[in-house]
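One is the number of the first residue; the rest follow in order along the sequence. In each ligand, atom 1 is the first atom listed, and ligand 1 is the first ligand listed. In this text, all values refer to a predicted model and were calculated from it rather than measured experimentally.
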Amino acid sequence: MRKLEGKVAVITAATSGMALATAKLFVKEGAYVFITGRRPGKLDEAVRVIGNNVTGVQGDAANLGDLDRLYETVRREKAKVDVLFASAGRGEFAKIGEVTEKHFDDIFDLNVRGTLFTVQKALPLFSNGGSMIMNGSISTIKGFPSFGVYGASKAAVRSFARTWLMDLKDRKIRVNVLSPGTIDTPVLDPVGPEAKEYFKTLIPRGEMGRPEEIATVALFLASSDSSFVNGVELFVDGGSAQI
Ligand SMILES: NC(=O)c1ccc[n+]([C@@H]2O[C@H](COP(=O)([O-])OP(=O)(O)OC[C@H]3O[C@@H](n4cnc5c(N)ncnc54)[C@H](OP(=O)(O)O)[C@@H]3O)[C@@H](O)[C@H]2O)c1
């Protein structure tokens, strides 16, 4: 029996990286997935790569109108959500003293406000007993230089999980945070090869995580294998934040 047979999953920002790997694995495990991304060409490509049991809905996870359109599509096509992986997030560096309003607003707008409304707008369709997963970061508990606003935004997401599991306990909806360490995805492209080599030195195994190593953990949190796991922040970082 596949682990997500008959389940409907929504995964935001799933045209690349760990969320795309998760979408592929969820489909392999029997789910129908709705994925989002802003660039239509990239979204079409992801839908093609996933191959079947997938609908792509173009949109920005920070835009409430786009989120309404996403869930209207889900309602029309499948009429329920069993699993949500709210993965959309962004990060930029700015040292305290150099933080601009735009830097703060851009990051909190997507990571905090966008995540909140991605979850809230899913609720009318959400199945009792379903699973919500939010993409966090080890920066919730680390002091990475110049990454304060990003870290604070992901710490807010971590906090949401504690409250929301209580708000949703009568519906038996579980809410967990999956907090990756450094994962080799296109989000790291702008930092360049030298910075990537440096990141590797911070990881005990000396290699970054692969998107597929996040997907298997997302599957665990999505499926009944984690039925007694609720409100945790699960670090998937090769141990780098634990030492
Ligand atoms: N990679 C890491 O090392 C790492 C570590 C910890 C946490 N994270 C978190 O993991 C999540 C995704 O990371 P990733 O590295 O897997 O991403 P990625 O490979 O860079 O891909 C993200 C995809 O999401 C889409 N996207 C970006 N912003 C979006 C938005 N506002 N609305 C909808 N789609 C959007 C992008 O396509 P479009 O540009 O076409 O929209 C892109 O193809 C983020 O929450 C990030 O903070 C990453």
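- Close approach of ligand 1 to A61 is summarised as follows: ligand atoms under 4.0 Å from at least one heavy atom of the residue are 30 (C), 31 (N), 32 (N), 33 (C).
- Atoms of ligand 1 lying under 4.0 Å from at least one heavy atom of D60, given by number and element, are 30 (C), 31 (N), 32 (N).
- Below 4.0 Å from some heavy atom of A88 lie the following atoms of ligand 1, by number and element: 45 (O).
- Near G59, the atoms of ligand 1 lying under 4.0 angstrom from a non-hydrogen atom of the residue are 32 (N), 33 (C).
- R2 and E5 are joined by a salt bridge, as a carboxylate oxygen and a charged side-chain nitrogen come within less than 4.0 angstrom of each other.
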Test log, rule side chain to side chain donor-acceptor pair (under 3.5 Å), inputs S226 and R174: CA-CA 9 Å; S226 61; R174 297 181 296 114; 3.0 Å; yes
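- Here atom 9 (C) of ligand 1 lies nearest to N135 when heavy atoms of I11, L110, N135 are compared.
- By heavy-atom distance, the residue among G114, P180, G91 lying nearest atom 6 (C) of ligand 1 is P180.
- For the pair K154 and ligand 1, a heavy-atom separation below 4.0 Å is found.
- Within ligand 1, counting atoms from 1 as listed, the ones closer than 4.0 Å to a heavy atom of G89 are 44 (C), 45 (O).
- Note: F147 and F144 have perpendicular aromatic rings, judged against thresholds of 30 and 60 degrees for the angle between ring planes.
- Neither the backbone nor the side chain of I138 has any atom closer than 4.0 Å to an atom of ligand 1 (non-hydrogen atoms only).
- Close approach of ligand 1 to T182 is summarised as follows: ligand atoms under 4.0 Å from at least one heavy atom of the residue are 3 (O).
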